[in-house]
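Chain letters run A, B, ... following the sequence lines, proteins first, then strands; residues in each count from 1. What you see is a predicted model; the values in this text were computed from it and never measured. The basis for the numbers below is simple: all heavy atoms, side chains too, and nothing from hydrogens, waters or symmetry mates.
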2 protein chains.
Amino acid sequence: MKYLHHPDREEIQLSSVLYALSDPVRLFIISEIQRSGERSCGEIDVPVVKSTLSHHSRTLREAGVVHVRVHGTQRLLSLRTEDLEYRFPGLLGSILEAYERTGEKIQ
Amino acid sequence: MKYLHHPDREEIQLSSVLYALSDPVRLFIISEIQRSGERSCGEIDVPVVKSTLSHHSRTLREAGVVHVRVHGTQRLLSLRTEDLEYRFPGLLGSILEAYERTGEKIQ
DNA sequence: TCTAATATTCGATGACAATCGAACAATAGA
DNA sequence: TCTATTGTTCGATTGTCATCGAATATTAGA
């Protein structure tokens, strides 16, 4: 089984997190994950092909936004809520709230 | 005198704001502006040439993050604090606080 | 062991962005 | 009107990214 790298709490960079969340598809993904708590790639309904979704999943993981857990043939994504709150208090919450409020669409 | 376009409050997009603030140089710029309230391009000490700084200024303006006021030969930048707070409550504050806390450097 | 399900990796493509230097524009002040 | 100051625009370069389809890897289950 492959090792998936996740940055350490202290290594998470603000600019990287903001970049990861500046893409409408990725904003949608984290919004979905927040609602369900944990979700596999296949359960996330985005208008891109599998390989593209995998790319977005990797971008979010490497920025420190999500944690990816291997479960059988699935990868379960969850938000790194606590780590982000510890490092950047209030940031994730205000982004998710802003996303819900303004209802920004993909594309 | 040239007309500088600023997006309307309601037109400001979350993903565009996050993208604009995902660059270390631009994070530095808004951090400086916050401290001084208003600042001309020439007063912002960043390690890029004038034309590049002009590009960053434009990116921030078009995303709705800063307001640019023409004053003689200078362009005075200020944060659109109220508009951003109205549209995305708490967002700008948490980003600025995160930037100060973690002391992310340019480069 | 074979097959289906799930996701990643790879290669290609097209778009966009950060950067620079040079040229240009606009304005203040002498 | 001339000059210095302050920024913008333009063209070129270099690099990165979002996207796709095809091929590959991994695991569960029959």
Side-chain angles (χ1 to χ4, degrees), chain A residues 1-6 13 15-30 32-33 36 38-63 65-78 104-107, chain B residues 1-6 13 15-30 32-33 36 38-63 65-78 104-107:
Chain A
M1 175 168 76
K2 245 186 80 190
Y3 170 69
L4 292 177
H5 179 68
H6 292 82
Q13 292 289 303
S15 54
S16 304
V17 169
L18 296 180
Y19 179 76
L21 298 181
S22 70
D23 183 280
V25 172
R26 292 193 290 261
L27 276 174
F28 180 82
I29 292 172
I30 65 154
E32 286 294 296
I33 293 175
S36 52
E38 200 174 46
R39 188 158 284 201
S40 71
C41 290
E43 292 170 329
I44 303 171
D45 187 30
V46 282
V48 292
V49 300
K50 279 189 310 175
S51 56
T52 303
L53 178 55
S54 181
H55 159 71
H56 286 306
S57 162
R58 178 183 178 148
T59 302
L60 289 167
R61 173 174 55 78
E62 291 182 341
V65 178
V66 304
H67 184 267
V68 182
R69 183 165 72 87
V70 178
H71 179 247
T73 61
Q74 302 189 122
R75 308 292 163 107
L76 298 173
L77 311 195
S78 57
E104 184 171 326
K105 289 281 163 280
I106 299 178
Q107 253 103 269
Chain B
M1 177 169 71
K2 243 187 84 189
Y3 170 68
L4 292 177
H5 179 68
H6 292 84
Q13 292 288 304
S15 54
S16 305
V17 169
L18 296 180
Y19 180 76
L21 298 180
S22 70
D23 183 281
V25 172
R26 292 193 290 261
L27 276 174
F28 179 82
I29 292 172
I30 66 154
E32 287 294 296
I33 294 175
S36 52
E38 200 174 44
R39 188 158 285 198
S40 71
C41 289
E43 291 170 329
I44 303 171
D45 187 31
V46 282
V48 292
V49 300
K50 280 189 310 176
S51 56
T52 302
L53 177 56
S54 181
H55 160 70
H56 287 306
S57 162
R58 178 182 178 148
T59 301
L60 288 167
R61 173 174 55 79
E62 291 182 341
V65 178
V66 304
H67 184 267
V68 182
R69 183 166 73 87
V70 178
H71 179 246
T73 62
Q74 303 188 121
R75 308 293 163 106
L76 298 172
L77 311 195
S78 57
E104 185 170 328
K105 290 280 163 282
I106 298 178
Q107 250 100 268

_In this structure, how many angstroms lie between the C1' atom of C/dA17 and the CG atom of B/Leu60, rounded?_
14 Å

*Which whole-number value in Å describes the distance from B/Gln74 CD to D/dG7 P?*
5 Å

*Figure out the CG/P separation between A/Leu21 and D/dA18, and round it to whole Å.*
12 Å

*Non-hydrogen side-chain atoms of B/Arg61 and B/His5 separated by less than 4.5 Å*: yes

*Return the residues of residues 50-59 of chain A meeting this criterion: a heavy atom under 4.0 Å from some atom of DNA chain D. Order them by number, or give none.*
A/Ser51, A/Thr52, A/His55, A/His56

*Taking only residues two or more places apart in sequence or in another chain, which ones pass side-chain contact (heavy atoms from CB on, under 4.5 Å) with B/His56?*
B/Asp23, B/Val25, B/Arg26, B/Ile29, B/Thr52

*Please state how far atom CG in A/Leu4 lies from atom C1' in C/dT6, giving the value in whole angstrom units.*
14 Å

*asked:* I need the CZ-P distance between A/Phe28 and D/dA18, as an integer number of Å.
replied: 17 Å

*Of the options A/Val68, A/Ile33, A/Leu21, which is the one that meets A/Leu60 in a side-chain contact (heavy atoms from CB on, under 4.5 Å)?*
A/Leu21

_Checking the side chain of A/Ser57 only, and the main-chain atoms of A/Leu53 only, is there a donor and an acceptor separated by less than 3.5 Å?_
no

*Would you kindly give the CG-to-P distance between A/Leu76 and D/dA28, to the nearest whole Å?*
13 Å

*Could you check how far CD1 of A/Ile29 sits from P of D/dA18, rounded to whole Å?*
11 Å

*For residues B/Arg75 and B/Leu4, determine if any side-chain heavy atom of one lies less than 4.5 Å from a side-chain heavy atom of the other.*
yes

*For C/dA18, does OP1 or OP2 lie under 4.0 Å from any side-chain N or O of A/Tyr19?*
no

*Phosphate-side-chain proximity, A/Ser40 and C/dA7, N/O vs OP1/OP2 below 4.0 Å*: yes

*Spacing of B/Arg75 atom CZ relative to D/dT5 atom C1', expressed in whole Å*: 13 Å

*Looking at side-chain heavy atoms only, is the closest gap between B/Pro24 and B/Glu104 below 4.5 Å?*
yes

